[in-house]
Amino acid sequence: MPEGKPAAPPGTPAPPQPDAGSEEPGTSLPGRASALIRQYPLVALTCLMLAVTGIMLQSGLEQPARLGASVYAAAVAVIRAVAMFRSLREGRWGIDILALMAIASTVWVGEYLAALVVILMLSGGEALEIFAQGRAARELKSLLDRAPRFAHREAAGSVLEETPVGEVVPGDVLVVRPSELVPVDGELLSDAASLDESSLTGESLPVERVRGDLLLSGSVNGETAIRMRAAATAKDSQYSRIIALVEEAASSRAPVVRLADRYAVPFTALAILMAGTAWALSGDPVRIAQVLVVATPCPLLIAAPVAFLAGTSQAAHRGIIIKNSGTLEQLAKARTAVFDKTGTLTSGRPVLDTVQVAQDQGAGAAVDAGRILQLAASAEQYSSHVLAASVIEAAARHNLELLPVTRATEHATQGVEAICGGDSVVVGKAGLVRNSSAGFREAALQSGQLAIYVAVNGSYAGALIMKDPLRTDAGETLARLHRLGVRHTMLLTGDAHGTAAHIAEEAGIRNVQADCLPEDKVNAVAAVRERPVIMVGDGVNDAPVLAAADVGIAMGAKGATAASESADVVIMLDDLSKVAVAVEIGKRTVAVALVSIWTGIGLSIGLMAVAMTGYIPAVTGALLQELVDLATILNGLRALHGARPRKPPGRG
């Protein structure tokens with residue numbers, strides 16, 4: 001059969017277009033510079049003011065230079081004072097008050113150059129923090145893009161009308177074409193349907209429904225058009241509830257306070273005390289400016305953002321995208337790891353586990369395991385079922401050549417009949433093979449397995465036992481997380497309990513919750529006491545719980561875009577071990593940031609003690625503070641060089 005890219009069915013949302021204001025990769029250097037100036041105007045204005053002031057001083061215009069710089073610094077101080085008082089009213093105490101006092105004191109005593117240097121340090125540190133914390137702002141975009149927009153409603157005379165999904169009301173009869181999304185929750189009117197519900201439950205295997213069963217919006221129909229009766233409006237259907245959960249979880253998550261802010265109150269109090277003491281002992285108000293300039297908390301403002309920026313860069317080199325610096329802090333403190341099953345702990349695609357050969361085949365008609373797999377794979381070439389590709393791949397791994405097929409008939413959702421290399425073959429579910437063969441017997445299955453039955457020339461030959469296996473690196477990843485301090489683990493899945501328990505036992509996870517809908521997962525994560533909680537998952541069904549967790553980690557290589565947008569961390573490679581790497585990077589980054597902060601505080605206190613004696617002029621103090629900043633920045637950049645990846649045991 002010829003292959004080609006099918007046209008998008010009616011009602012399928014158009015792919016998202018790039019934002020009109022986004023910068024193209026080929027933007028010129030002047031264009032980038034212009035964008036940076038627009039993004040960080042205070043840094044640009046302060047640099048310009050320093051340059052103008054320097055030119056005026058060189059030209060002998062000291063008085064205009066003093067006036068212009070003082071007015072500019074005073075204006076910045078007033079603007080920052082308004083913002084500071086607004087923050088104080090909202091209960092957010094930061095280190096801005098000390099910076100504001102430094103600017104005000106230098107203007108007061110006429111140290112206008114020192115005032116400009118302080119403003120540059122302050123604005124530069126804040127610009128760096130904004131850059132380091134740049135977070136994706138389109139958490140719901142992909143969810144909304146994927147949401148069903150149209151439905152095919154049956155009108156009089158069985159005529160189909162394309163109707164906006166918002167106009168569908170309970171009782172409407174709808175037709176869902178092959179590969180289309182089910183637009184609203186409803187009752188199946190067709191005899192049978194095969195649906196992909198992975199976007200809702202995370203289960204990778206197709207779900208078979210029969211007449212009268214409930215269909216959930218967001219499910220993907222199989223290869224046969226089906227009829228259904230709407231049971232709810234789009235607003236009240238399952239997919240819309242998922243979107244609402246993401247919105248609620250994202251808005252309810254408390255923002256992470258800057259790491260350095262914890263040290264703001266004691267450091268500010270100490271600086272004010274030392275400045276006041278110096279003034280009282282000397283009687284010279286200039287001492288206030290001299291002390292406060294070297295106390296300007298740029299090490300606190302810059303140290304943590306630089307370390308966090310370095311940590312996120314290191315993570316990116318390892319295939320891990322961390323969207324904001326606060327996430328690194330949460331990763332460093334994580335105590336609980338919650339995992340989805342399908343596509344996260346498991347590969348997400350069924351593979352052949354074993355071939356069960358029927359024991360009572362006739363002597364002349366006996367078919368061995370290899371022949372069963374070869375015949376089944378040959379017939380499955382003409383099946384559109386999701387498991388067909390897995391069977392064909394299994395045959396390829398066993399170096400089995402596919403046989404020529406002279407005739408093939410697919411029974412929707414049931415299986416396929418074909419003539420392969422002269423043999424009559426039936427492959428599919430138990431019902432189809434039972435009715436087409438003699439000697440049929442149900443296969444003995446363990447938890448997490450399913451069977452594809454095979455009959456050859458009218459006799460039952462055996463079954464292909466498939467399973468979604470645990471990732472090979474799952475056990476080591478969990479052990480590594482435990483060594484990093486993540487002592488509690490949980491498995492949340494939409495699968496049946498038997499399958500979930502089997503995977504959890506293999507992975508070494510004791511706490512299991514199965515048969516979960518998206519809201520069940522959100523509630524389970526909210527109930528965890530050992531926090532912070534990291535949640536690892538993929539697929540649209542994981543988007544709400546990824547947003548609700550303290551740190552959501554999306555397996556971006558296979559997961560839906562919605563999961564990636566709702567997560568704080570996206571693993572670009574299909575590698576579960578990167579979860580432990582992310583936690584390790586978080587711990588190292590926070591450790592480096594703390595060293596930088598305490599180094600900056602220690603050096604600042606030393607400089608303040610000297611400045612109390614009057615031996616450090618204000619401008620010199622501001623420049624010395626720049627050296628302190630440089631020391632903290634260089635130390636923060638150590639987070640760029642994380643620990644080398646460990647070699648797996650047994651490898652050279």
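Counting from 1, the numbers follow the sequence of the chain as shown. Remember, predicted model here, so these are calculated numbers, not experimental data.
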*What's the shortest heavy-atom distance between Ile322 and Ala315, and which atoms?*
CD1-CB, 3.7 Å
*If we only count heavy atoms from C-beta on, is the Val569 to Leu331 side-chain gap below 4.5 Å?*
yes
*Would the number of heavy atoms belonging to other residues, nucleotides or ligands and lying under 6.0 Å from CD of Glu530 be above 12?*
yes
*Are any of the side-chain heavy atoms of Met228 and Asn221 separated by less than 4.5 Å?*
no
*asked:* I'd like to know whether Val220 forms a side-chain contact (heavy atoms from CB on, under 4.5 Å) with Leu181, so could you lay out the CA-CA distance, the side-chain angles of the two residues, the decisive distance to 0.1 Å, and finally the verdict.
replied: CA-CA 5 Å; Val220 181; Leu181 293 170; 3.6 Å; yes
*Kindly say whether Asp185 contributes a backbone atom to a donor-acceptor pair with the side chain of Ser237 at under 3.5 angstrom?*
yes
*Could you point out which residue of Val426, Val427, Leu432 forms a side chain to side chain contact (heavy atoms under 4.5 Å, CB included) with Val416?*
Val427
*Where is the tightest heavy-atom contact between Lys429 and Tyr453, given as atom of each residue plus distance?*
C-CD1, 3.9 Å
*Could you state the interatomic distance from CZ (Arg153) to OG1 (Thr163), rounded to the nearest 0.5 Å?*
3.5 Å
_For Phe339, give me all partners under ring-ring contact (aromatic ring centres under 6.0 Å, His included), at least two apart in sequence or on another chain._
none
*Can you measure from CD1 (Ile372) to CD (Gln356) and round to the nearest 0.5 angstrom?*
10.0 Å
*What are the two closest heavy atoms between Val173 and Arg227, and how far apart are they?*
CG1-NH2, 3.5 Å
*With sequence neighbours left out, what residues match Asp423 under side chain to side chain contact (heavy atoms under 4.5 Å, CB included)?*
Arg371, Leu375, Val425, Val456, Asn457
*Any chance you could lay out the side-chain contact (heavy atoms from CB on, under 4.5 Å) test for Met535 and Asp550, step after step, and finish with the verdict?*
CA-CA 8 Å; Met535 171 70 201; Asp550 298 308; over 6 Å; no
*Derivation of the side-chain contact (heavy atoms from CB on, under 4.5 Å) call for Leu481 and Thr489*: CA-CA 9 Å; Leu481 285 172; Thr489 54; 5.8 Å; no
*Can you measure from CD1 (Ile392) to CG (Leu373) and round to the nearest 0.5 angstrom?*
10.5 Å
_For Asp520, is there any backbone N or O sitting under 3.5 Å from a side-chain donor or acceptor partner on Asn523?_
no
_Between CZ on residue Arg487 and CZ on residue Arg335, distance to nearest 0.5 Å_ = 10.0 Å
_Shortest non-hydrogen contact between Ala455 and Val433, atoms and distance_ = CB-CG1, 3.8 Å
_Please give me the minimum heavy-atom distance between Gly552 and Ala567, naming the atom from each residue._
O-CB, 3.3 Å
*Just wondering, do Glu223 and Ser179 contact through their side chains at under 4.5 Å, heavy atoms?*
yes
*If we only count heavy atoms from C-beta on, is the Leu174 to Pro183 side-chain gap below 4.5 Å?*
yes
*Please examine the side chains of Leu470 and His502, heavy atoms only from C-beta on, and report whether any two atoms are closer than 4.5 Å.*
no
*Quick check: does any side chain N or O of Glu180 sit under 3.5 Å from a backbone N or O of Arg177, one acting as donor and the other as acceptor?*
yes
*For Val351, does its backbone N or O pair with a side-chain atom of Ser390 as donor and acceptor, under 3.5 Å?*
no
*Roughly how far, to the nearest 0.5 Å, is NZ of Lys578 from CE of Met555?*
10.5 Å
*Got a second to check how far Ile226's CD1 is from Leu188's CG, nearest 0.5 Å?*
5.5 Å
*Salt bridge flag under 4.0 Å for residues Glu442 and Arg434*: yes
*Within the distance-only criterion (no hydrogens, no angle test), does the side chain of Glu506 pair as donor or acceptor with the backbone N or O of Ile503 below 3.5 angstrom?*
no
*Hey, mind stepping through Leu387 and Leu450 against side-chain contact (heavy atoms from CB on, under 4.5 Å) and telling me if it holds?*
CA-CA 11 Å; Leu387 292 175; Leu450 62 84; 3.7 Å; yes
*With the threshold set at 4.0 Å, does a side-chain nitrogen-carboxylate oxygen contact exist between Glu584 and Arg483?*
no
*Indicate yes or no for a side-chain donor-acceptor contact from Gln359 to the backbone of Val357 under 3.5 Å, with no hydrogens or angles considered.*
yes
*Sort out for me which residue in Asp568, Ile534, Ile553 forms a side chain to side chain contact (heavy atoms under 4.5 Å, CB included) with Thr327.*
Asp568
*Compare all side-chain heavy atoms of Asn511 with those of His488 and state whether any distance is below 4.5 angstrom.*
no
*Does Glu401 offer a backbone N or O that forms a donor-acceptor pair with the side chain of Gln374 under 3.5 Å?*
yes
*Any side-chain heavy atom of Leu445 within less than 4.5 Å of one from Ile465?*
yes
_How close do Ala504 and Val512 get, counting heavy atoms only, and between which atoms?_
CB-CG2, 3.3 Å
*Do Thr344 and Leu576 have side-chain heavy atoms sitting under 4.5 Å apart?*
yes
*Counting only N and O atoms by type, is there a donor-acceptor contact under 3.5 Å from the side chain of His482 to the main-chain atoms of Leu478?*
no
